[in-house]
Undergrad: 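I am attaching a structure below and will ask some questions about it afterwards.
All of these numbers come straight from a predicted model, not from anything done at the bench.
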Amino acid sequence: MDKVRRMRLAKDAMDRGWADPGLDLSAVAAHAGYSRFHFLRAFKDVYGETPGQYLTHRRIERAQDLLRTAGLSVTEICHLVGFSSLGTFSTRFKARTGLTPTEYRTRHVGRGAALIPGCYSMLWAGGFANAPGAVPPDSALTDSAIADCAITEKHGEDPTAYGD
């Protein structure tokens with residue numbers, strides 16, 4: 001089995017168990033069939049970050065989603081996403097987002113940010129550079145493009161078929 005496939009198996013295990021505060025390097029490395037130390041080097045070589053950094057990013061992303069959409073306290077969210085220390089969670093959250101969890105919630109709650117359809121995200125990001133009909137990265141995000149996206153997202157068909 002090649003190195004990338006082994007790393008994917010381990011990354012999948014991390015994606016499944018990201019909320020478990022007991023998830024440790026040895027258990028994840030076992031999914032790849034490597035020792036802890038060899039796994040650490042191989043994972044960083046393949047993904048550009050350590051397993052700990054990847055896991056922290058996954059947990060912060062989930063915390064962001066919960067802060068936007070759930071009526072839970074910051075402490076509850078901290079524990080739900082797998083951090084055992086509120087201080088560590090807050091420090092890492094601020095390092096990643098530039099805001100404390102409370103500031104993040106205040107800024108983003110009620111905006112529906114967690115419910116953004118995928119096509120809006122792709123329009124905002126400029127689309128796939130290699131895809132046929134891709135939006136060029138320097139083009140503006142126009143109202144008509146957003147309307148077309150919303151209709152396509154809703155109906156799954158060509159927006160012009162509805163006469164909009």
Undergrad: Let me confirm one number: the OG-CG distance from S90 to L99, rounded to the nearest 0.5 Å.
TA: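 Result: 12.0 Å between the selected atoms.
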Undergrad: Considering all heavy atoms of both residues, which atom of R36 and which atom of S26 are nearest to each other, and what is their separation?
TA: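 Distance-wise, the nearest heavy atoms are CD-OG, 2.6 Å.
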Undergrad: Can you classify the ring geometry of H108 versus Y104 as parallel (below 30°), tilted (30 to 60°) or perpendicular (above 60°)?
TA: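 It falls in the tilted class, 30° to 60°.
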Undergrad: Does any non-hydrogen side-chain atom of F89 lie less than 4.5 Å from one of T75?
TA: no
Undergrad: Distance check, rounded to the nearest 0.5 Å: Q53 atom CD versus R96 atom CZ?
TA: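 The CZ atom of R96 is 10.0 Å from CD of Q53, to the nearest 0.5 Å.
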Undergrad: Mark yes or no: R6 above the aromatic ring of Y34, with NZ or CZ under 6.0 Å from the six-membered ring centre and no more than 45 degrees from the axis.
TA: yes
Undergrad: Do the charged groups of R5 and D2 touch, with an N to O distance under 4.0 Å?
TA: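 The answer is no: the pair does not qualify as a salt bridge.
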Undergrad: Can you tell me how far the NE2 atom of H38 sits from the CG atom of D45, to the nearest 0.5 Å?
TA: 9.5 Å
Undergrad: Judged by atom type as modelled, is there a donor-acceptor pair below 3.5 Å linking the side chain of R59 to the main-chain atoms of V81?
TA: yes
Undergrad: Determine, using the 4.5 Å side-chain heavy-atom cutoff (strictly less than), whether L86 and I77 are members of one ILVMFWY cluster.
TA: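 Shared cluster, yes.
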Undergrad: Do you know which two heavy atoms are closest between A10 and F39, and how far apart they sit?
TA: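 Residues A10 and F39, closest heavy atoms: CB-CE1, 3.4 Å.
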Undergrad: Take a 6.0 Å sphere around CZ of R8 and say whether it holds more than 12 heavy atoms from other residues, nucleotides or ligands.
TA: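 Open.
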Undergrad: Examine M14 and L40 and state if one hydrophobic cluster contains both, with Ile, Leu, Val, Met, Phe, Trp and Tyr joined whenever side-chain heavy atoms are less than 4.5 Å apart.
TA: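 Shared cluster, no.
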Undergrad: Could you grab the distance from atom CZ of F43 to atom CG of L25, nearest 0.5 Å is fine?
TA: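 Reported to 0.5 Å precision, the distance equals 10.0 Å.
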Undergrad: Got a second to check how far T56's OG1 is from E49's CD, nearest 0.5 Å?
TA: 9.0 Å
Undergrad: Nearest heavy-atom pair of M7 and A32: which atoms, and what distance?
TA: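 Looking at all heavy atoms of both residues, the shortest contact is CE-CB, 3.9 Å.
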Undergrad: Please report the closest heavy-atom contact between L67 and R105, naming both atoms and the distance.
TA: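 For L67 versus R105, the nearest heavy atoms are O-NE, 3.4 Å.
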Undergrad: Is there a path of hydrophobic side-chain contacts, each under 4.5 Å between heavy atoms of I, L, V, M, F, W or Y residues, that connects F83 with L80?
TA: yes
